[in-house]
Amino acid sequence: MNNVDRSSSDGAVASAILSLGKSLDLIVTAEGIERTGQLEWLRARGCNEVQGFLLSRPLSAQDLENRYLLTVEAQKPDARSGIAS
């Protein structure tokens with residue numbers, strides 16, 4: 001369903017999946033998001049998570065850690081001083 005934002009049949013199937021996920025209290029992750037139109041369509045319908053080239057190319061575990069986890073750690077305040085490092 002690459003064209004949720006452009007095709008009524010793709011949109012109907014994706015809406016049904018989102019609705020089923022919500023009724024079962026599941027986290028729904030949309031994969032393969034490549035266009036802002038897809039992302040906006042999913043956000044407007046309450047999709048919990050998305051992944052795809054629009055957000056990031058595939059990363060190695062080390063690149064993921066360097067890009068996202070280490071930056072979060074650096075922003076945490078130092079327990080002693082209360083100042084972010």
Side-chain angles (χ1 to χ4, degrees):
M1 297 175 294
N2 293 334
N3 294 307
V4 295
D5 58 328
R6 297 177 178 171
S7 163
S8 60
S9 59
D10 282 5
V13 173
S15 290
I17 292 169
L18 289 167
S19 178
L20 179 62
K22 285 181 186 180
S23 68
L24 295 173
D25 199 28
L26 298 173
I27 294 174
V28 177
T29 304
E31 297 180 349
I33 307 308
E34 297 179 355
R35 298 187 318 274
T36 55
Q38 294 167 315
L39 179 61
E40 290 168 1
W41 189 95
L42 290 159
R43 278 184 175 164
R45 285 153 184 85
C47 185
N48 302 105
E49 300 176 345
V50 297
Q51 66 181 43
F53 286 163
L54 179 65
L55 305 168
S56 176
R57 296 285 182 193
L59 299 173
S60 69
Q62 186 63 54
D63 287 342
L64 176 73
E65 185 176 322
N66 291 340
R67 185 176 293 180
Y68 297 106
L69 301 179
L70 295 179
T71 16
V72 170
E73 287 297 319
Q75 294 174 4
K76 287 184 179 178
D78 183 327
R80 292 166 286 168
S81 68
I83 299 172
S85 45

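Remember, it's a predicted structure, so these values are computed and weren't measured experimentally.
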Joint cluster assignment, [X] & [Y], ILVMFWY side-chain distance < 4.5 Å:
X     : Y     : answer
Leu42 : Leu55 : yes
Val13 : Ile33 : yes
Leu18 : Leu20 : no
Phe53 : Leu39 : no

Exercise: identify the closest heavy-atom pair between Asp5 and Trp41 =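 Taking every non-hydrogen atom into account, CA-CD1, 3.8 Å.
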Where do Tyr68 and Leu59 come nearest, in terms of heavy atoms and distance?
->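 Residues Tyr68 and Leu59, closest heavy atoms: CE1-CD1, 3.8 Å.
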Sub-4.5 Å side-chain heavy-atom contact between Glu65 and Leu69 =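 Yes; the side chains approach each other to less than 4.5 Å.
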Does some side-chain heavy atom of Arg35 sit less than 4.5 Å from a side-chain heavy atom of Leu54?
->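 They are not in contact (no side-chain heavy atoms under 4.5 Å apart), so the answer is no.
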State whether the number of non-hydrogen atoms from other residues, nucleotides or ligands found under 6.0 Å of Ile27 atom CD1 is greater than 12.
->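 Not buried by this count: 12 neighbours or fewer within 6.0 Å.
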Side chain [X], main chain [Y], donor-acceptor under 3.5 Å:
X     : Y     : answer
Asn48 : Val28 : yes
Gln38 : Asn2  : yes
Asp10 : Asn3  : yes

Measure the spacing between CD of Gln62 and CZ of Arg67 and express it to the nearest 0.5 Å.
->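 It comes to 12.5 Å.
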